[in-house]
Amino acid sequence: MTVATGMSPEVGLACALRPTGDLSLRDALHQAARAAQDSALASWWAPGDREVLDGRSHDATLALHVVVTSTTTLRVGLSGDIPSLYSAPVRAKQIATLDWFSGGRLEHGIDLAPPPAPLADPLRQDPEDHLGQAIDQTAAMHALWTQSRAGYSGPFVSFEGAIALPKPIGDRIPVTHLRATSADSLARYRGACATPAGWMVWSPRADDVKRSADVLTDVLGDAAHAVRRTWVVPADAHPAALDAAQQLGVDEVVAFFDHIPTPDQITAMVK
């Protein structure tokens, strides 16, 4: 079920970390981030682990440091971390550091699907329960972010008396978005880590947005209305998605570029 929001959706940007032209990666990101803020875009999203692999892109976390230090108002986000690929304490520190530099603007997107084969590490991932491992890693990060001497005990991660610094601003869990997933996965995540604040659909197809909305409603019931809906589409499909978004109950439409966009390309998004 989809519910029209009654408000025009916000506009965001995501891009592969590939510069074009003569600018360095840092300068291209700085210039584009400033243009995004000046154009009153709502958000800037780094690619997820799958997009980094597909595009042979640079590390999303490192690139976001340029974006957060080049802007002051943009919401900035990691769009698709696969938690089982990381050590929970290390990833918690990386994300908290980004949030600290951003002044509390960071949002965290989580991808619960199994990692692509080139990223899978049989020494780290549990092939029998990838979802359980991903949720366990996420819950461990939540403990490290919110407790002064953190303790956590799960099937894959456990520690006690851990001092993890820096923490996100306010010792909080950053706003968390799940990539659209199955009802069973959403229910299991919710039981261990609480209801996500956001729900991200990466697809040019409106039918996928509708199906994902049905999953939210099936699992969350009336609480689904409080979950922010973000629709990520290829940049050339962005105008059509914006036209359809309100009727689909989408709060924000994000244009994905396969390169770091120029200021002119960013300006054209909001005309």
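Residue numbers start at 1 and run along the sequence shown. These figures come from a predicted structure and were not determined experimentally.
Within the structure, the ring-ring contact (aromatic ring centres under 6.0 Å, His included) test picks out the following pairs touching residues 163-218 (sequence neighbours left out): Trp45-His177, Trp202-Phe256. The list of ring-ring contact (aromatic ring centres under 6.0 Å, His included) pairs with a residue in residues 90-124, not counting sequence neighbours, reads His65-Phe101. For residues 233-244, no pair satisfies salt bridge (Lys or Arg N to Asp or Glu O under 4.0 Å), with sequence neighbours left out. Sorted pairs that involve residues 69-91 and meet ring-ring contact (aromatic ring centres under 6.0 Å, His included), not counting sequence neighbours, are lacking altogether.
Under a hydrophobic-cluster definition in which Ile, Leu, Val, Met, Phe, Trp and Tyr are linked whenever side-chain heavy atoms come within less than 4.5 Å, directly or via other members, Val76 and Leu17 are assigned to the same cluster. Leu242 and Val232 are assigned to two separate hydrophobic clusters, defined by single-linkage of ILVMFWY side chains at heavy-atom distances under 4.5 Å. Clustering ILVMFWY residues whenever any of their side-chain heavy atoms sit less than 4.5 angstrom apart, transitively, puts Leu98 in the very cluster that holds Val67. By the rule that hydrophobic residues join a cluster once side-chain heavy atoms approach within less than 4.5 Å of another member, Val68 and Val52 end up as members of separate clusters.
A donor-acceptor pair under 3.5 Å is formed between the side chain of Gln265 and the backbone N or O of Thr262. No side-chain donor-acceptor contact under 3.5 Å links Asp208 to the backbone of Ser203. The closest donor-acceptor contact from the side chain of Gln247 to the backbone of Ala244 lies at 3.5 Å or more, if one exists at all. For the pair Ser79 (side chain) and Ala46 (backbone), a donor-acceptor distance under 3.5 Å is present. The backbone N or O of Leu165 sits less than 3.5 Å from a side-chain atom of Lys93, completing a donor-acceptor pair. Side-chain atoms of Gln133 never come within 3.5 Å of backbone atoms of Ser84 as a donor-acceptor pair (strictly under, hydrogens ignored).
By the side chain to side chain contact (heavy atoms under 4.5 Å, CB included) test, Ala35 is found to be paired with Pro263, Ile266, residues two or more places apart in sequence or in another chain being considered.
Closest approach of Val270 to Ser39, counting heavy atoms only: CG1-O, 3.8 Å. For the residue pair Arg172 and Leu106, the shortest heavy atom distance occurs at NH2-O, 3.6 Å. Among all heavy-atom pairs drawn from Met141 and Ala92, the shortest one is SD-N, 3.7 Å. Nearest heavy atoms, Val254 versus Ala14: CG1-N, 3.6 Å. Closest heavy-atom contact between Ala255 and Met269: CB-CE, 3.7 Å. Val215 and Ser182 get closest at one heavy-atom pair: CG1-C, 3.9 Å.
The NZ atom of Lys167 sits 7.0 Å away from the OG1 atom of Thr146 when rounded to the nearest 0.5 Å. Between the OG atom in Ser148 and the CD1 atom in Ile163 there is a gap of 8.0 Å [rounded to 0.5 Å]. Note: Ile173 CD1 to Leu144 CG = 11.0 Å, rounded to the nearest 0.5 Å. Rounding to the nearest 0.5 Å gives a distance of 10.5 Å between CH2 of Trp231 and CZ of Arg205. Rounding to the nearest 0.5 Å gives a distance of 9.5 Å between CD of Gln94 and CG of Leu78. Taking OG from Ser185 and CG from Leu112, the interatomic distance works out to 6.0 Å, rounded to the nearest 0.5 Å.
Considering only heavy atoms from C-beta on, Phe257 stays 4.5 Å or farther from His238 through its side chain. The side-chain heavy atoms of Thr20 and Ile260, taken from C-beta on, include no pair separated by under 4.5 Å. Side-chain contact between Arg229 and Val209 is absent, with no heavy atoms from C-beta onward closer than 4.5 Å. At a threshold of 4.5 Å between non-hydrogen side-chain atoms, the residues Glu252 and Pro9 do not count as touching. Within the 4.5 Å cutoff, the side chain of Ile135 has heavy atoms near those of the Arg188 side chain. Within the 4.5 Å cutoff, the side chain of Ile82 has heavy atoms near those of the Leu85 side chain. Residues Asp251 and Thr230 are not in side-chain contact: their nearest non-hydrogen atoms beyond the backbone lie 4.5 Å or more apart. Put simply, the side chain of Cys15 reaches to within 4.5 Å of the side chain of Trp44, judged on heavy atoms.
Using a 4.0 Å cut-off between charged nitrogen and carboxylate oxygen, Arg50 and Asp81 do not count as a salt-bridge pair.
Each of Leu186, Ile110, Val175 was evaluated against Pro196; a single residue qualifies, Leu186, per the side-chain contact (heavy atoms from CB on, under 4.5 Å) test.
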Under 3.5 Å, which donor-acceptor pairs link side chains of residues 23-31 to any protein atom two or more places apart or in another chain?
from  : atom 1 : to    : atom 2 : distance (Å)
Ser24 : OG     : Asp27 : N      : 3.1
Ser24 : OG     : Asp27 : OD2    : 3.4
His30 : ND1    : Ser70 : OG     : 2.8

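If you check the side chains of Thr61 and Arg91, you find a donor sitting under 3.5 Å from an acceptor. Residues Arg105 and Thr71 bring a donor and an acceptor atom of their side chains to less than 3.5 Å of each other.
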- request: Evaluate the side-chain hydrogen bond (donor to acceptor under 3.5 Å, both in side chains) criterion for residues Thr73 and Gln37: first the C-alpha distance (whole Å), next the side-chain angles of each, then the deciding distance (0.1 Å), finally the verdict.
  value: CA-CA 7 Å; Thr73 58; Gln37 179 167 277; 3.0 Å; yes
message: Under the criterion salt bridge (Lys or Arg N to Asp or Glu O under 4.0 Å), I'd like the reasoning laid out for Arg75 against Glu10: C-alpha separation, chi angles, the key distance, then a yes or no.
response: CA-CA 12 Å; Arg75 291 173 22 245; Glu10 292 184 324; 3.5 Å; yes
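Counting heavy atoms of neighbouring residues, nucleotides and ligands inside a 6.0 Å radius, atom CG of Asp207 exceeds 12 of them. Remark: Asp121 CG is packed, more than 12 non-hydrogen atoms of other residues, nucleotides or ligands lying under 6.0 Å away.
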